[in-house]
Amino acid sequence: MAYNILIVDDSEAMRVVIKKILRMTGLEILVLEAGSGSEALCLLDEQWVDMVLTDIHMPNMSGVELIEKIRNNQELQKLPVMVVSTEGREDFLAKTQKLGVAGYLKKPFQPTELRNAILAILEENNADIQPTTANDDEDGDF
Amino acid sequence: MQISNPQQQMMMRMAISEVFQKMFFMIPLADLVVAKGKQFQCFVPIACPPDEELTLCLKIDQELALSLTENFLGLSGDDISEAQSNSTVLEILNMVAGNFLNQIDPLGRYQLGIPVAGIPKEGTISICEEFNFESHSLVVLLRGSIS
């Protein structure tokens with residue numbers, strides 16, 4: 001089974017790194033990328049996405065605003081969203097928890113932390129997921 | 001709770017070290033080194049409403065920026081564009097700033113802005129941390145002071 005995962009981050013470098021970590025999951029993943037919240041909403045409107053990974057601090061539309069818009073859209077409100085952000089302060093964590101995020105990972109992170117978090121979320125939302133161990137021998141390098 | 005300047009410096013050092021250890025598998029040496037060749041500079045505004053503003057600035061040897069980008073993106077030097085190198089350094093600054101704020105301001109009074117390339121307006125320097133990465137210089141400055 002292939003998964004469509006959308007990465008939303010205004011940093012091109014971070015999108016590249018997350019893409020590499022998604023490859024480490026050993027799953028068949030089609031990666032979609034958006035450099036802003038509005039670009040992400042357009043993509044979500046056009047195609048099926050199994051999971052969103054979003055940053056919080058982005059110009060024009062913050063990650064929190066993006067999640068609010070996703071939750072207010074009847075077709076997307078159950079879409080698993082994971083936050084990957086430098087923001088780790090209590091009020092932001094509480095805000096995103098209220099919005100029902102599936103996971104929150106603070107940057108900086110180790111590649112295996114993100115890989116495991118993604119696998120756990122996909123597993124929770126897709127009973128038939130069989131994460132392979134093909135890349136388990138990797139040392140966690142980007 | 002008031003956090004003294006030496007405590008702030010320690011927190012900044014920890015924030016920088018954590019970013020480099022986790023994302024680049026490198027341990028920065030807190031050491032003076034003369035800047036070499038061209039440098040890249042960027043900054044991120046940190047606002048505390050209603051009118052307090054700090055700026056966190058990063059100055060890095062471009063050769064070091066290229067080497068960090070190779071490490072981060074897994075590309076070889078010849079394949080790296082200036083935009084990719086700049087994007088990597090801006091992301092480093094973003095992570096350092098966020099990590100520092102998480103420690104110094106757990107209640108979220110300060111709001112982190114978006115990092116941009118360039119030189120910020122003048123301001124009193126309250127923290128200056130200089131690092132040596134394989135004989136290349138990386139400097140992080142905080143302009144303005146945390147009350």
Side-chain angles (χ1 to χ4, degrees), chain A residues 7-24 33 35-37 54-65 83-98 104-117 135 138-142, chain B residues 14-26 28 42 44-48 56 65-66 68-75 79-117:
Chain A
I7 304 170
V8 191
D9 200 311
D10 57 319
S11 163
E12 184 198 345
M14 191 47 73
R15 294 198 306 269
V16 171
V17 167
I18 294 175
K19 250 196 298 190
K20 284 172 59 187
I21 295 169
L22 286 171
R23 272 189 235 124
M24 286 166 54
E33 290 180 59
S36 67
T54 184
D55 187 16
I56 291 288
H57 295 294
M58 295 185 286
N60 304 321
M61 186 191 295
S62 73
V64 171
E65 288 171 284
V83 174
V84 183
S85 171
T86 56
E87 187 56 73
R89 289 175 290 178
E90 303 258 322
D91 59 333
F92 277 90
L93 294 174
K95 239 182 246 176
T96 55
Q97 258 172 5
K98 265 191 195 161
Y104 199 116
L105 185 64
K106 197 172 76 66
K107 297 179 201 170
F109 51 78
Q110 285 182 333
T112 46
E113 291 179 273
L114 180 58
R115 182 190 67 168
N116 295 344
N135 294 314
E138 287 187 18
D139 59 6
D141 281 6
F142 290 114
Chain B
M14 281 166 56
I16 295 166
S17 293
E18 195 187 354
V19 169
F20 281 93
Q21 284 180 30
K22 282 196 168 173
M23 303 300 282
F24 296 90
F25 308 101
M26 292 169 97
C42 53
V44 60
I46 300 170
C48 181
L56 190 68
L66 191 66
L68 291 173
T69 308
E70 282 184 79
N71 177 338
F72 200 48
L73 304 187
L75 298 172
D79 299 329
I80 294 170
S81 67
E82 196 179 333
Q84 285 171 320
S85 170
N86 293 353
S87 173
T88 300
V89 178
L90 290 169
E91 186 55 39
I92 291 171
L93 177 61
N94 181 44
M95 287 190 280
V96 168
N99 210 2
F100 177 63
L101 281 185
N102 290 339
Q103 296 177 63
I104 211 149
D105 177 38
L107 298 177
R109 284 189 312 135
Y110 287 89
Q111 291 165 6
L112 184 60
I114 306 292
V116 287

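Each chain gets a letter, A, B and so on, in the order the sequences are listed, and its residues count up from 1.
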>> Holding to side-chain hydrogen bond (donor to acceptor under 3.5 Å, both in side chains), I want the full list of residues that pass it with A:E12, two or more places apart in sequence or in another chain.
In response: none
> In Å and rounded to the nearest 0.5 Å, what is the CD to CZ distance from A:Q110 to B:F25?
Replying inline: 6.0 Å
>> Need one label for A:K19: side chain, backbone, both or neither, based on atoms under 4.5 Å from any heavy atom in chain B.
In response: neither
>> Among residues at least two apart in sequence or on other chains, which ones pass side-chain hydrogen bond (donor to acceptor under 3.5 Å, both in side chains) with B:D105?
In response: A:R89
> Which one of B:G98, B:P115, B:G108 has the most heavy-atom pairs closer than 4.5 Å to chain A?
Replying inline: B:G108
> Contact part of B:Y110 toward chain A, heavy-atom cut-off under 4.5 Å: side chain, backbone, both or neither?
Replying inline: both
>> I'd like to know whether CD of B:Q21 has more than 12 heavy-atom contacts from other residues, nucleotides or ligands below 6.0 angstrom.
In response: yes
>> How long is the straight-line distance from CG of A:D91 back to CZ of B:R109, given to the nearest 0.5 Å?
In response: 12.0 Å
> Is the closest side-chain heavy-atom distance between B:L101 and A:E87 below 4.5 Å?
Replying inline: no
> Does CD belonging to A:E65 count more than 12 external heavy atoms closer than 6.0 Å?
Replying inline: yes
> With a 4.5 Å limit on heavy-atom distance, are the side chains of B:N94 and A:K107 in contact?
Replying inline: yes
> Roughly how far apart are A:K106 NZ and B:K22 NZ, rounded to 0.5 Å?
Replying inline: 6.5 Å
> So what's closer than 4.5 Å to chain A heavy atoms on B:L107: side chain, backbone, both or neither?
Replying inline: backbone
> Is A:S11 close to B:L90 at the side-chain level, that is, under 4.5 Å between some pair of heavy atoms?
Replying inline: no
> So which heavy atom on A:P108 is nearest to which on B:V19, and how close?
Replying inline: CG-CA, 3.7 Å
>> Could you report the tightest heavy-atom contact between A:H57 and B:L112, atom names first, then the distance?
In response: ND1-O, 3.6 Å
